[in-house]
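Read through the structure below, which is laid out as structure tokens, and then see the notes.
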2 protein chains.
Amino acid sequence: MYTGVVDTRERLIESTRTLLWERGYVATSPKLIQQAADAGQGSMYHHFTGKEQLALAAIERTAEEMRRQIDALLDGPGTAVERIATYLRREREVLKGCPIGRLTQDPDVMASPTLREPVEGMFAWLRGRLADVVSGGIAAGELSPGVEPGATATAIVAVLQGGYVLARAAADTAPFDQAIEGILALLRSQGIAR
Amino acid sequence: MYTGVVDTRERLIESTRTLLWERGYVATSPKLIQQAADAGQGSMYHHFTGKEQLALAAIERTAEEMRRQIDALLDGPGTAVERIATYLRREREVLKGCPIGRLTQDPDVMASPTLREPVEGMFAWLRGRLADVVSGGIAAGELSPGVEPGATATAIVAVLQGGYVLARAAADTAPFDQAIEGILALLRSQGIAR
DNA sequence: GTCTATACAGCGATAGAC
DNA sequence: GTCTATCGCTGTATAGAC
């Protein structure tokens, strides 16, 4: 249950964020949200038109927060590969999975253009962001010009998302760490000795 | 709806396989299964104790089938990297996602040790199977001895699973293909010229 | 083996009082 | 803004006839 000292509308959004992360959209009922937010039926339907609109607010906030965190890490110091490594290795609640990525497996989210839009936007942004870092690494002479920025960036994001899948399947964070180290080793071998 | 000419029990399992793939476990109701299998309530509860046992039969069959297909591809001709490329590039219903991998995002599947077991087993098997192929490639002098088989194999499986996530997010198979080509390019650069 | 009837809880939303 | 009452529908399963 969300216990921050904030107003009801805020508690509803934060509780929904948590529940979407833990259970996804189909498996999260308005009742569950209300209990977690310590709000009544009336409150929820006063502040939002329904489950979908509330979920949209929650998803958009999660996406915004994630963008800020990723920007901070990728804008940090170090070479391109070092910054990518920092991003991939940052602390995560691995067994809970990615709060945005998991929504791609939810039938009701995928069926709703409204809810799918922020999910699509988040990954399009992330792939582009990482492709720019890879391009920068090539321009700086850190990475071989033979490296294709777009494909490499997409593979990196995929390893991350797939790492969550493997960790959850194993109920163990080890496969996630192993996948990350696997792609980083491959990336490092693309470096140009200087 | 499943329309093969087989008995009711069989139709129930096949319909469940399809629905689990398309909607996952929580979002698949007994009613939906019965309609797809063209079977009544009574039939379903005669052949199976309930939704969970039926899902288990469906998941186990999907996993077995997948193992057979993967074995056939990885046992084929070509170098280690070529066989991995063949496996990664085989035709897939990319936008539907992985029928096993998607279950890791289902709260009820993860909460049930019974249902989680075949999912865990499938990925443990696959990671080991690919690690063996990588090891073979090193032993054959095709890949650099610096390549770590376990981490590399796990990264490959992760790219696949993450590729599905990105494709579904984009409602487009392009990110899947891009991720695959990205990791293959990195893998190929690990080759030892002969 | 398959059918219909029934059960009871939960879902997602609305109504109207306070 | 929040509460309680109510609604029609679905989820999952059981009972008992055929």
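All values reported here derive from a predicted model rather than from experimental measurement. Here is how names work: the chains are called A, B, and so on, in the same order as the sequence lines, proteins then strands, and each is numbered from 1.
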| request: Look up atom CD1 in Ile183(B) and atom CG in Leu88(B), then write down how far apart they are to the nearest 0.5 Å. | output: 8.0 Å
| Quick one: is Ser29(A) getting a side-chain N or O under 4.0 Å of the dC11(C) phosphate, OP1 or OP2? |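 So the side-chain polar atoms of Ser29(A) do come within 4.0 Å of the phosphate oxygens OP1 or OP2 of dC11(C), strictly under.
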| said: Walk me through whether Arg129(B) and Asp71(B) qualify under salt bridge (charged side-chain N to carboxylate O under 4.0 Å, His left out). | reply: CA-CA 9 Å; Arg129(B) 191 75 178 73; Asp71(B) 267 334; 2.6 Å; yes
| Taking DNA chain D as the partner, which of residues 39-53 of chain B come within under 4.0 angstrom of it by heavy atom? | Gln41(B), Tyr45(B), Gly50(B), Lys51(B)
| query | Does Tyr87(A) reach the side chain of Val133(A), with side-chain heavy atoms less than 4.5 Å apart? | reply | no
| Is the closest side-chain heavy-atom distance between Gln105(A) and Arg168(B) below 4.5 Å? | yes
| message | Who clusters with Leu95(A)? Use side-chain heavy atoms, under 4.5 angstrom, across I, L, V, M, F, W and Y, and order the result by chain and number. | response | none
| field | All side chain to side chain donor-acceptor pair (under 3.5 Å) counterparts of Asp132(B), not counting sequence neighbours | value | none
| query | Looking at Tyr25(A), does the NZ or CZ of Lys51(A) lie under 6.0 angstrom from its six-membered ring centre and within 45 degrees of the ring axis? | reply |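 Geometry flag: set, cation within 6.0 Å and 45°.
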| said: I'd like to know if Arg61(B) and Glu10(B) make a salt bridge, using a cut-off of under 4.0 Å between side-chain N and carboxylate O. | reply: yes
| For residues 100-118 of chain B, which residue pairs qualify under salt bridge (Lys or Arg N to Asp or Glu O under 4.0 Å), counting only residues two or more places apart or in two chains? | Arg116(B)-Glu120(B)
| request: Report the end-to-end axis angle of the helix from dG1(C)-dC18(D) to dC18(C)-dG1(D); each axis comes from five terminal pairs, and the value is rounded to 10°. | output: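 Result, rounded to 10 degrees: 0°.
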| said: Reading DNA chain D from 5' to 3', where do the contacts with chain B start and stop? Cut-off is 4.0 Å to heavy atoms. | reply: dG11(D) to dT14(D)
| Between atom CD1 in Ile33(A) and atom C1' in dA13(C), what is the gap in whole Å? | 13 Å
| message | Measure CG/Leu32(B) against C1'/dC11(C) and give the value in whole Å, please. | response |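 These atoms are roughly 16 Å apart.
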| Is a side-chain donor-acceptor pair under 3.5 Å present for Gln161(B) with Gln161(A)? |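 Distance-only check fails for Gln161(A) and Gln161(B).
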